[in-house]
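In this chain, residues are counted from 1 in sequence order. Being a predicted model, the structure only gives us computed values, none of them experimental.
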Amino acid sequence: MTTPSHHDELAAEQFAHKLTAHLSMAEAGLPYVVTERLRASRIQAMSMRKRSSAPLRAPSTESAVSLLGIQSDGTMSLGASGNNHDNTPIWVRRLLTAIPLIALAAALAFIGVDQDSRTIIDVAEVDAALLTSELPPAAYTDPGFQQYLQTTVSDTP
């Protein structure tokens, strides 16, 4: 007959194997950065396990969240601990998070304005060439003139 503690250990071990298999299957869809952090966490956990002879217990939810760097407001930090910004007000952290987005929006707006101005300059150059040329504008719409331009351009060295 098994004792309750032995039964609990077997149940915990079965749960750990099921959880490990499930996490391993889900790992394929994770970004590279997350998989590297998980790998480093596993190595750290294994080194801690080797140092102590006591059996490794399942981590609590709080320690797992702290290990992944997930903070209480739902943001993820790059550091190993989620408590490294506790003295910073949340509005400052949100503002710092929004700065790259604002910079990206400003860069895209600048690129759009620059592209518009280049297009306007190109159209103005074509209009100026049409108005100052000796040919009437109707000549450019004539299919025979288009053929003439293509043969003339290919004949010139």
Side-chain angles (χ1 to χ4, degrees), residues 1-130 140-141 143 146-147 149-151 153-154:
M1 183 164 183
T2 61
T3 63
S5 64
H6 181 66
H7 181 67
D8 290 342
E9 288 178 12
L10 288 176
E13 190 171 326
Q14 287 176 348
F15 176 73
H17 286 292
K18 287 180 184 178
L19 183 64
T20 304
H22 179 68
L23 291 174
S24 295
M25 287 178 15
E27 184 179 6
L30 292 175
Y32 176 76
V33 174
V34 174
T35 57
E36 284 301 305
R37 291 176 84 191
L38 288 172
R39 184 186 62 78
S41 298
R42 284 187 205 114
I43 291 171
Q44 184 181 13
M46 292 303 292
S47 68
M48 293 173 106
R49 165 104 172 155
K50 289 178 183 177
R51 280 188 233 143
S52 67
S53 61
L56 183 64
R57 294 190 291 177
S60 65
T61 306
E62 293 82 17
S63 64
V65 166
S66 173
L67 187 62
L68 289 175
I70 301 172
Q71 299 176 4
S72 61
D73 61 352
T75 59
M76 184 177 269
S77 66
L78 293 176
S81 174
N83 297 327
N84 56 354
H85 297 293
D86 284 344
N87 295 336
T88 308
I90 192 166
W91 66 271
V92 172
R93 284 187 277 158
R94 288 187 180 164
L95 178 68
L96 292 175
T97 304
I99 287 175
L101 295 174
I102 293 168
L104 178 64
L108 289 174
F110 175 75
I111 290 171
V113 168
D114 186 53
Q115 288 294 327
D116 288 344
S117 66
R118 287 183 187 199
T119 303
I120 290 170
I121 291 171
D122 291 342
V123 169
E125 287 176 358
V126 170
D127 287 346
L130 278 172
Y140 291 99
T141 61
Q146 294 294 330
Q147 182 66 28
L149 285 177
Q150 290 174 356
T151 57
V153 170
S154 64

Ile99 vs Leu96, test: side chain to side chain contact (heavy atoms under 4.5 Å, CB included). Steps then yes/no. CA-CA 5 Å; Ile99 287 175; Leu96 292 175; 3.9 Å; yes
Can a salt bridge be assigned to the pair Arg118 and Asp114 using a cut-off of 4.0 Å between side-chain N and carboxylate O? yes
To the nearest 0.5 Å, atom CD of Gln115 lies from atom CZ of Phe110 at 10.0 Å
When rounded to the nearest 0.5 angstrom, what distance separates OG1 in Thr97 from CD1 in Ile90? 9.5 Å
Working to the nearest 0.5 Å, report the span between CZ of Arg42 and OG1 of Thr20. 8.5 Å
Rounded to the nearest 0.5 Å, what's the gap from CG on Asp127 to CG on Asp122? Could you check? 11.0 Å
